[in-house]
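Please read the structure below before turning to the comments.
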2 protein chains.
Amino acid sequence: MSIRNPKQALYEQFAIVAKALGHPLRLEMIEHLAQGARSVEALAAKLGQPVANISQHLQALRRAGIVSAERDGKFVHYALADESVLDAFASVRAVAERHVAEVDRIVRGYFDARDQMLPVSRDELQALMRDGLVTLIDVRPPDEFALGHVPGAINVPLSEIKVWSVGAAADREVVAYCRGPWCVMSFEAVSALRSLGHSARRLEDGMPEWKAAGLPVEMAA
Amino acid sequence: MSIRNPKQALYEQFAIVAKALGHPLRLEMIEHLAQGARSVEALAAKLGQPVANISQHLQALRRAGIVSAERDGKFVHYALADESVLDAFASVRAVAERHVAEVDRIVRGYFDARDQMLPVSRDELQALMRDGLVTLIDVRPPDEFALGHVPGAINVPLSEIKVWSVGAAADREVVAYCRGPWCVMSFEAVSALRSLGHSARRLEDGMPEWKAAGLPVEMAA
DNA sequence: TCGTCATTCAATGAAATGATTGAATGACAG
DNA sequence: CTGTCATTCAATCATTTCATTGAATGACGA
């Protein structure tokens, strides 16, 4: 840790930030925190991880300036420091998507026929909604929906897709979104709806990106 | 390494990219590669590191899709995979600049009175150059200058600043740039010129950013 | 074919990171 | 003041990363 010159010292700091992003669990934590602030316990529950482990990773994220902590009584609520964190996540993701062959392999293997799931862009969705042509569903859990969702969206958690689809008009296209571009829930929702005879597509990305783009967000009543 | 679900598998890939950025030496390697393609040996020489070490770090960067390798006879030339790498670097840097207190401390301590070194933006520089109001100097080593520089710039390596300044008009403002926003050379150049009685400022960032912005680049004759 | 040279690989040990456990801290309610 | 509960800290061990060394690979030129 010998600081020899200012550039190396700075690069060491930059490396701390990148290193903090360099762990799959921490990336997943960021995805969840992008939906809204969470306590350590809540986050641990979402991710199915021991509290102490999550706490430690949160410290790493905090040292890197990626999340901010705010004490509220017994709880400490962690949130993303700001939108620049999503930028960093997105640009790391972009590098991987463009150049890491393994990413392509995974996408082909798991997200079946992704090409056929041609995603809807934000602009396109706004036009479709304005003209009342589609039903927009938010497939995230109710608590995340409550913290902010696209205006006009209906909350249909993944587990209730089948039940919901029965009552939905079969001739109306459905657009689904969830936490972000690689959140599996919207993929599965679209897949399920299609197998039930509905016309369905995904939004190209999720709630945090919608919000970061400065588009209106609706809160639960 | 058990792949449980596609999201985790993807996040593991994203983490590989971030982890590859998570080392100061690799960041410095990226800065140098952003000036142009380099062989392992050349890069090792620039950084004053053993060749084998650089080679290993290059492998890590290659696995992450950050650099591409091209064999040319005995040499393997490494280059950045594309501009998205600079985006990722820049956004990681942005997070650090905004939220890591240590960065601020280093900047204040070493880059003395950085506020007084009000940097020139690219747009401003273009206007100043168009009107012939400033002398633009590129303080990088000649080999990097030869691989591409801002049109109209004069190559004045840091070591020759004092000699050069003697013959330069003292009443004409000088703008200096080098490898990037935190490259120390332009800071030192400005500092040296000012102490010699010249009016001098830095360009806000360096050559790679200039090029990435789609602005014209001049090559050595 | 042989020697040379750039690069990569393999092996070693030192250091950092990650997960787990249980104990410590700090704030609130009674 | 005491008990409870969310969070953090400390200690441990397994795993990974890092730098260094020296040997292997692979392409070129004689």
Exercise. Would you please classify the geometry between the B:His57 ring and the B:His23 ring as parallel, tilted or perpendicular, with 30° and 60° separating the classes?
Key: tilted
Quiz prompt | Residue pair A:Leu33 / A:Leu58, side-chain heavy-atom distance below 4.5 Å | solution = yes
Quiz item: Would a 4.5 Å heavy-atom cut-off, applied to side chains only, mark B:Ile16 and A:Val100 as touching?
Solution: no
Self-check item: More than 12 heavy atoms from other groups under 6.0 Å of NZ on A:Lys46
Solution: yes
Please check if the side chain of [X] supplies one atom and the backbone of [Y] the other of a donor-acceptor pair under 3.5 Å.
X	Y	value
A:Asn5	A:Gln8	yes
A:Arg201	A:Val120	no
A:Tyr177	A:Val150	yes

Strictly below 4.0 Å: does [X] bring a side-chain N or O up to OP1 or OP2 of [N]?
X	N	value
A:Lys19	C:dT17	yes
B:Tyr78	C:dA6	no
A:His23	D:dT17	no

Over how many whole Å does the gap from [X] atom [atom1] to [N] atom [atom2] extend?
X	N	atom1	atom2	value
A:Asn53	C:dG22	CG	P	15 Å
B:Ile54	C:dC9	CD1	P	16 Å
A:Arg71	C:dT25	CZ	C1'	9 Å
B:Glu70	D:dA27	CD	P	15 Å
B:Leu25	C:dA16	CG	P	16 Å
A:Asp72	C:dG26	CG	P	18 Å
B:Lys74	D:dG29	NZ	P	8 Å
A:Gln49	D:dT7	CD	P	16 Å

Quiz item: Out of A:Arg93, A:Arg179, A:Arg122, which one pairs with A:Asp205 under the salt bridge (charged side-chain N to carboxylate O under 4.0 Å, His left out) rule?
Solution: A:Arg122
Quiz item: Quick one, which residues of residues 28-42 of chain B touch DNA chain C with a heavy atom under 4.0 Å?
Solution: B:Ser39, B:Val40, B:Glu41
[options]: which one has an atom nearest the side-chain heavy atoms of [X]?
X	options	value
A:Val51	D:dC18, D:dT8, C:dC28	D:dT8
B:Phe75	C:dT8, C:dA6, D:dT8	C:dA6
A:Val76	D:dC18, D:dT7, D:dG22	D:dT7

Quiz prompt | Nearest-0.5 Å distance that lies between atom CZ in B:Arg98 and atom CD in A:Glu83 | solution = 6.0 Å
Practice problem: If a pair satisfies side chain to side chain donor-acceptor pair (under 3.5 Å) and one of its residues is in residues 29-38 of chain B, list it, with sequence neighbours excluded. | Solution: A:Lys7-B:Glu31, A:Tyr11-B:Glu31, B:Gln35-B:Arg140
Exercise. Pull out every residue in residues 55-67 of chain B that has a heavy atom closer than 4.0 Å to any atom of DNA chain D, ordered by number, or say none.
Key: B:Gln56, B:His57
Quiz item: Mapping A:Ala52 and A:Gly22 onto DNA chain C by nearest heavy atom, which one lands closer to the 5' end?
Solution: A:Gly22
Practice problem: Report the residue (B:Gly73 or A:Ala69) whose heavy-atom-nearest nucleotide on DNA chain D is the more 5′ of the two. | Solution: A:Ala69
